[in-house]
Structure formats: C-alpha cells, structure tokens
Amino acid sequence: MNPAAPQDPRPIHVAIVEDDPDFSHALSVVVQDSADMRLAGCAATQAEGLALLAGPPADVLLVDLGLPDGSGIEVIRAAALHWPSCSIMVSTNFGDETHVMRSIEAGAAGYLLKDSSPSKMSDEIRSLANGGSPISPIIARQVLARFRHAPSAPVSPAGAAAEATDTAEATEATPLLSQREKEVLDYITKGFTVHEIAGLMQLSHFTVRTFVRRIYSKLKVTSKAEAIYEARTHGLLS
C-alpha cells in the first residue's frame with residue numbers, strides 16, 4: 001500500500017478517462033490502495049469522459065488521448081471549462097509534439113507517457129494535486145527543444161546554409177533510440193517476451209509495451225522481424 005501524504009488530511013479525488021482496461025484497472029487499484037486518495041469515477045470513452053464532467057468535480061483528472069470515439073483533448077478542454085479547480089494530467093502513448101502542445105493548450109498541467117508504472121503514478125498524482133506539473137523526461141526534452149529552436153534573431157546567409165546542412169544530416173541520421181529502448185530492442189532480438197523483459201529490467205509490462213511501441217514508431221516498422229532488420233541495418237544492436 002502506498003503511504004498517505006500527511007500534509008493534507010483531505011483525500012485527493014481522482015477521476016480516470018482511459019480505454020485500456022488493464023491500465024485503467026491498474027490505475028484504479030493504485031488510487032483505491034492509497035489512503036490519501038479516492039476514486040471519483042472512471043470512463044473508457046470520450047463520451048463517457050464528457051458525461052463524467054456533469055458530476056462533482058474531481059481534484060485530479062487523468063486522461064488518455066487515444067480514446068475509441070475521439071481525442072482525449074476534447075475531454076481536457078471540457079474539463080478545464082466545467083471543472084476549473086481540477087488539475088488535469090495526460091497519461092498516454094502519444095509523445096509527439098502536436099499532441100503535447102495541444103494538450104497543454106487545452107488545459108493539461110501534467111503530461112506523462114505510459115512508461116511510468118502505475119505505482120509511480122500515485123506520486124505524480126500527489127505532485128499534481130499539490131500544484132506540481134509532472135512531465136515525462138522525454139516530453140520535457142521535447143518542449144525545451146521547441147523553445148530552443150524557436151527563431152529569436154535574423155539568421156545570416158552563412159548560418160542559414162549551415163542550418164540546412166545540419167537538418168539534412170539529421171534527416172539521414174540513425175533513428176534515435178534511448179538507452180532503455182535499446183535495451184528492450186536487444187532483449188526482443190534475443191527472443192524474450194514482454195513479461196520476461198519486464199522482469200529482467202524490473203519494469204511493469206505496461207512500460208515495456210510502451211517502449212516497444214516507441215521503438216516500432218521510431219524505426220517505422222510494424223513487426224518484430226522488421227524491427228530486428230532495421231535495428232541491424234542501423235547498427236543499433238549491442
């Protein structure tokens with residue numbers, strides 16, 4: 001059981017909009033097992049999520065973006081309107097810039113990829129409820145990169161040419177996998193299953209599945225065999 005936060009005796013009411021039944025159940029269990037939290041409601045679709053907003057406001061709303069009947073961003077936007085005191089956190093597999101920025105613009109205060117174990121999510125929920133803005137490291141890097149690359153001064157012709165060269169080289173560069181993703185890819189090529197990899201890396205199988213999805217996305221493949229081929233082509237295997 002996760003320890004309760006002693007600073008505030010009032011429980012944190014948490015609502016969940018998540019269509020993955022396994023992940024939704026895992027999150028619900030984490031909330032219900034936390035003495036300082038109460039489960040305020042669960043929804044599995046955009047329509048159910050919007051209907052949830054007709055009830056009493058929660059303190060924290062966890063929203064997945066990839067819902068079967070629409071985007072979770074619409075739920076975020078509606079929650080910001082109907083539950084203005086609620087802190088909203090995205091929990092999703094989508095880590096691209098478009099989804100991140102649209103979610104933040106819609107009202108999300110936190111953005112986590114599903115590589116956090118459900119147990120770690122309880123700490124992130126407390127952080128959000130206490131005014132923090134939990135964000136996955138990979139998302140934080142993406143947001144910082146966006147501002148770093150924003151034009152701030154006129155660029156000389158020589159600078160523009162150098163920038164174009166850098167861009168072309170980056171386009172042709174080897175797909176960038178994180179160290180963890182490389183570890184997962186290495187285990188995949190050795191024939192380990194998701195659950196076996198989770199055990200070896202001491203991660204949840206949700207996290208490993210998220211890594212696998214990211215690897216497939218970065219390598220632009222849809223199968224294990226294609227992933228292994230591309231990894232070998234790019235020299236990504238240890």
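- There is no path of hydrophobic side-chain contacts, each under 4.5 Å, that joins Met89 to Val29.
- The shortest non-hydrogen separation linking Ile88 to Ala79 is CD1-CB, 3.8 Å.
- Residues Ile12 and Val31 fail the side-chain proximity criterion, which asks for heavy atoms closer than 4.5 Å.
- Rounding to the nearest 0.5 Å gives a distance of 8.0 Å between CD1 of Ile135 and CG of Leu112.
- No side-chain heavy atom of Leu128 sits under 4.5 Å from any side-chain heavy atom of Glu124.
- Interatomic distance, Trp83 CH2 to Asp59 CG, rounded to the nearest 0.5 Å: 9.5 Å.
- Atom-to-atom distance recorded for Leu61:CG and Leu52:CG is 7.5 Å, nearest 0.5 angstrom.
- Between Asp123 and Arg126, at least one side-chain N (NZ, or NE/NH1/NH2) sits under 4.0 Å from a carboxylate O, which counts as a salt bridge.
- With hydrophobic clusters built from ILVMFWY side chains whose heavy atoms lie under 4.5 angstrom apart, Met101 shares a cluster with Tyr111.
- Side-chain contact between Glu18 and Leu62: absent, with no pair of heavy atoms (C-beta onward) separated by less than 4.5 Å.
- At a threshold of 4.5 Å between non-hydrogen side-chain atoms, the residues Tyr187 and Glu196 do not count as touching.
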**Message:** Set out, in order, the CA-CA distance, both residues' side-chain angles and the distance that settles side chain to side chain donor-acceptor pair (under 3.5 Å) for Thr92 and Asp64, then state yes or no.
**Reply:** CA-CA 5 Å; Thr92 185; Asp64 186 10; 3.2 Å; yes
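- Looking at Ile16 and Leu39, their side chains come closer than 4.5 Å, going by heavy atoms from C-beta outward.
- Taking the side chain as every heavy atom from C-beta outward, Gln46 and Val75 approach each other to under 4.5 Å.
- Looking only at distances, a side-chain donor or acceptor of Ser133 sits under 3.5 Å from a matching main-chain atom of Ala109.
- With respect to Arg102 and Glu105, no salt bridge is recorded, no charged nitrogen being found less than 4.0 Å from a carboxylate O.
- Between Ile73 and Leu65, the closest side-chain pair of non-hydrogen atoms falls below 4.5 Å.
- You'll find the side chain of Arg180 reaches within 4.5 Å of the side chain of Leu203, heavy atoms only.
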